[in-house]
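Everything below concerns the one structure shown next.
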Amino acid sequence: MNSPHAGLSSSIALPKSRLCVGITGHRYSNPVFGRNHAAIEDALGSVFDTIDAVVARQGDAIAPTRLHSLLAHGTDLMAVERALQRSWENAAPLPFGLALNIAINAHPETAEDALAIIAGENPDCAEASARAIHIRSLAAQALCFELAEQDEAITGLFLAALRTPQDSSAAASFATLSSERVAAAGRIMIEQSDILVAVWDGVTPGAVGGTRHTIAAALAHGAPVVWIDARNPLDWRILRTPESLHAEVGTVSAEHIAVLIEDIVRPATPDQAERVIRFHTEHWHTRSHRQFHAYRRIEAIFGGGGIRRAVSSLVQKYERPDDIAQGSGAPLLRTARGLAGSDQAFVGRIETQVLQRFAWADGLSTYLSDAYRGGMVTNFLLSAFAIIGGVSYLPFASPDSKWPFALFEFLLLVAILGITAIGRKRRWHGRWFETRRVAEYFRHAPILLLLGVARSPGRWPRGSDTQWPEHYARLALRELGLPKIVVTQAYLRTAFEDLLGHHAKLQRAYHRDKAKRLTTVHHNLDRMSEILFSLAVAAVATYLGLVAGSALGLIPEATAHSVSKFFTFLGVALPALGGAFAGIRYFGDFERFAAISEVTAEKLEAVEQRIANLRKVADGHIRYAQVANLAHAIDDIVVAEIENWQSVFAGKQIAVPV
């Protein structure tokens, strides 16, 4: 950033739309696939041509299409070849390490041939050798994310099944574990893709991780599926829900697929696109402004932090995007770079494309939060002071000198209207909501990215009035895609202990502290309101007692008359101030926010316990899916917390305190 007030660094461009396609289908050994091989290839080419035509219409607003495949010997390789012809990007989340993946998919008939392929040599079997060379050549042109942490066990089972083909238990053991691996890789592919293209005969049930299972998983994650019927490759269908897999769905043409692709890749509405641009070019504030500290001052005074906290400075310095790598993001980057076999270039992109975006969004959101919530709290206090100022002439001046007090009241009322008008014009409320959502999506994104984990397209939350934060975050994270790594036991252990565990611990501690503080604020505001109203009752009762005593001749009549204005003032001022604090409590919803943070902390504590249990698993037995599920659990907790606090504040637009 060139200056404290510049927009987001020019090195961070607006993220482009990008279509990511997943592919699944029968292998070459499938009889139906074998009979219709040429027709299936033509059909796949036609679907890809349709995709290319839609993407081309977007011009420079869209990045190259990316294909995700498991490099299985069949539909996957056919799709990769077609994608390479079209200059698509190719990414391969592999269920095994690359060498083992090639060996398994080359279908060797002997253990010796399998070992030769694993070693990168040519096996004796010419057909297996040709398959291995074919897969290896395509893998060399793809970015491979290799799930190799179970390779030792898989290799043993694979070789045992080849050495004893008559042993059904050996074959079953290998099939079971390898299917689990394929399903894990298939989930990565689904999460990274906008749409799944599937070649399936409509009948073969398949195993876990097979074509039908992958189709069902994609539909469950909200990703549409273009199904090419292997029995009749000219028969295409679009499946959108899990139920459609079992229902009669009509065939579609290339035009229908084009409409589907257009809906996925077309830019957001002009208004939404404009908000993304404004987000990148927002006015940056290096620190918070004291005139917006009213909400946080209330927290400081009533949060139980003592006198020092109540009167201390609340000015916050916002971390500049350019400084985050050496600041709050340094521990994460240091751990990421220290992961076994880490993709250093990928970590560098996390720094510039994720952490810097987080710092920018976090600074903007914090400033807007102060402006919106501080403005509303100020309005409540000004309304009370306006009433108090308006009636202050009673005990302190004659009716002829009322005008300064009326002027004071008038100025405060004008200030309330001014704060409200400015807040609405500048959309403090809406912009706070939007930028906070962006910040939270980026806050924990590095951990997900380093594990190849993503929130699938169909599972992103939707804002009540705008979707650009989710659209923006999804596109920005999609830019990075998968890291080029080999996932090992050492990689996973460091990832869940030092990345997931550290993040969960920090967030749990933050929410515990927040819940405690907000609960204290809520109770103290309630207590203050009750005290002020009780004092008002006492003041009015005292005055009535004086009037009654005067009427009964117990005290001089002049006594009650002389203090009437003072007690009238107290009878108005104390309830006004008590009502202001009650209004602040209602507006701040401190109790509900405390409950949200308490629930979030409990969920994170449960994740910490799961991580602690996983630490006890011996090396060699940790599985990628276990760590990925923990990352998904934290992601779900974050999204649930966002949705909960939005539901509390969604209807509380800045307004006059009535």
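These values consider heavy atoms only, across backbone and side chains, with no hydrogens, waters or symmetry-generated copies. We count residues from 1, following the sequence as given.
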Taking salt bridge (charged side-chain N to carboxylate O under 4.0 Å, His left out) as the cut-off, I'd like each qualifying pair that reaches into [range], sequence neighbours left out, listed once.
| range | value |
| --- | --- |
| residues 186-206 | R187-E191, D194-R474, D194-R478 |
| residues 132-144 | none |
| residues 328-339 | R337-E351 |

Would Y624 and Q150 satisfy side-chain hydrogen bond (donor to acceptor under 3.5 Å, both in side chains), going step by step from the backbone distance to the final call? CA-CA 9 Å; Y624 170 82; Q150 290 286 306; over 6 Å; no
Option among R357, R320, R436 that satisfies the salt bridge (Lys or Arg N to Asp or Glu O under 4.0 Å) test with D362: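 So, applying the salt bridge (Lys or Arg N to Asp or Glu O under 4.0 Å) to D362 and each of R357, R320, R436, only R436 qualifies.
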In terms of heavy-atom contacts, does CD of E479 have more than 12 from other residues, nucleotides or ligands at under 6.0 Å?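 Buried by this count: over 12 neighbours within 6.0 Å.
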If you look only at pairs with a residue in residues 35-72, which of them pass as a ring-ring contact (aromatic ring centres under 6.0 Å, His included), with sequence neighbours excluded?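 Checked against ring-ring contact (aromatic ring centres under 6.0 Å, His included) - neighbours excluded - the pairs reaching residues 35-72 are Y28-H37, F33-H37, F48-W88.
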In terms of the angle between their ring planes, are F279 and W468 parallel, tilted or perpendicular, with boundaries placed at 30° and 60°?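 F279 and W468: tilted rings.
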Residues that R455 engages under salt bridge (Lys or Arg N to Asp or Glu O under 4.0 Å), provided they are two or more places apart: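 R455 satisfies salt bridge (Lys or Arg N to Asp or Glu O under 4.0 Å) with D635, D636 only.
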Ion pair check, [X] and [Y], cut-off under 4.0 Å:
| X | Y | value |
| --- | --- | --- |
| R493 | D498 | no |
| R82 | E41 | yes |
| R437 | E434 | no |

Using the test side chain to side chain donor-acceptor pair (under 3.5 Å), find all partners of E152 that sit at least two apart in sequence or belong to another chain.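 With neighbours one apart ignored, the set is empty.
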Give a yes or no on whether the ring-centroid distance for W236 and W227 is below 6.0 angstrom.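 No; W227 has its ring centre 6.0 Å or more from that of W236.
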